[in-house]
Amino acid sequence: MGSPGSASYARIYAVVRRIPRGRVATYGQVAALAGLPRAARQVGYALHALSGSTALPWQRVINSAGRISLPPGAGGLEQRFRLIADGVYVDERGRVSLARFQWRPRTRA
DNA sequence: GCGGTGACGGTCG
DNA sequence: CCGACCGCCACCG
């Protein structure tokens, strides 16, 4: 991550890396865990900056409405596929049950 | 340094 | 349930 908000991006990616398989987290949740409250938008921006080749489980981050924010044509379709591969149920409209799949880390907030 | 912009979020109608 | 609004924040031209 050379150029972009290095420090913040690094924290964001670190949190995303902790999301376990079969679970999802919201943009706002990731921001908060990264120590950047109210920077949900920035999380989306940081993930968008990945664009492609990455070992980061970016598919596990969705919006607070429990839906995939990424338009189908812009990767949303792939995100849905990867989540299903993770064992997360995603309906045709990109909806995920946060009640069932949201990640709840024990410590920190 | 200013203003437009977006993989957001909460509220309101 | 959906769309319109508004507040938020860092990135970029």
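Naming: A, B, ... by sequence-line order, numbering from 1 per chain. Both backbone and side-chain heavy atoms feed into the values below; hydrogens, waters and symmetry mates do not.
- Between the CG atom of A/Leu83 and the C1' atom of B/dA7 there is a distance of 13 Å, rounded to whole Å.
- In terms of phosphate contacts, A/Arg41 brings no side-chain nitrogen or oxygen within less than 4.0 Å of OP1 or OP2 of C/dC6.
- For the pair A/Gly28 and A/Gln42, both in contact range of DNA chain B, the more 5′-proximal nearest nucleotide belongs to A/Gln42.
- Between A/Ser69 and A/Ile62, every side-chain heavy-atom pair lies at or beyond the 4.5 Å cut-off.
- Applying the 3.5 Å distance criterion, the base of C/dA10 shares no donor-acceptor pair with the side chain of A/Tyr45.
- The side chain of A/Ser64 places an N or O atom within less than 4.0 Å of a non-bridging phosphate oxygen (OP1 or OP2) of B/dG10.
- Remark: A/Ser69 is in phosphate contact with B/dC8, judged by side-chain N or O atoms under 4.0 Å from OP1 or OP2.
- Side-chain contact between A/His48 and A/Trp58: absent, with no pair of heavy atoms (C-beta onward) separated by less than 4.5 Å.
- With pairs defined as Watson-Crick or G-U wobble and both atom distances under 3.5 Å, the stems of at least three pairs that touch DNA chain B come out as B:2-6 with C:9-13, B:8-13 with C:2-7.
- Contacts of A/Arg67 with the nucleic acid, taken as non-hydrogen atoms under 4.0 Å apart, are absent.
- Taking atom CG on A/Leu36 and atom C1' on B/dC8, their separation rounds to 14 Å, with Å as the unit.
- A/Gln59 approaches A/Leu83 most closely through the heavy-atom pair O-CD2, 3.2 Å.
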Stepwise, does the side chain to side chain contact (heavy atoms under 4.5 Å, CB included) test hold for A/Val61 with A/Val24?
CA-CA 6 Å; A/Val61 185; A/Val24 298; over 6 Å; no
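- Put simply, CZ on A/Arg93 is 10 Å from P on C/dG3, counting in whole angstrom units.
- Atom OH in A/Tyr9 sits roughly 7 Å away from atom C1' in C/dA10 (whole-Å rounding).
- If you measure from atom OH of A/Tyr27 to atom C1' of C/dG7, you get 19 Å, rounded to the nearest angstrom.
- Side-chain heavy atoms closer than 4.5 Å link hydrophobic residues (I, L, V, M, F, W, Y) into clusters, and following such links, even through other members, never connects A/Leu47 to A/Phe81.
- Counting only distance, with no hydrogens or angles, the side chain of A/Gln29 and the backbone of A/Thr26 share a donor-acceptor pair below 3.5 Å.
- As a whole-Å value, the separation of A/Ile12 CD1 from B/dC8 P is 13 Å.
- Shortest non-hydrogen contact noted between A/Ile19 and A/Ala25 is CD1-CB, 3.7 Å.
- A/His48 places its NE2 atom 19 Å from the P atom of C/dA10, with the value rounded to the nearest Å.
- When rounded to the nearest whole Å, the span between CG of A/Asp91 and P of C/dC1 equals 11 Å.
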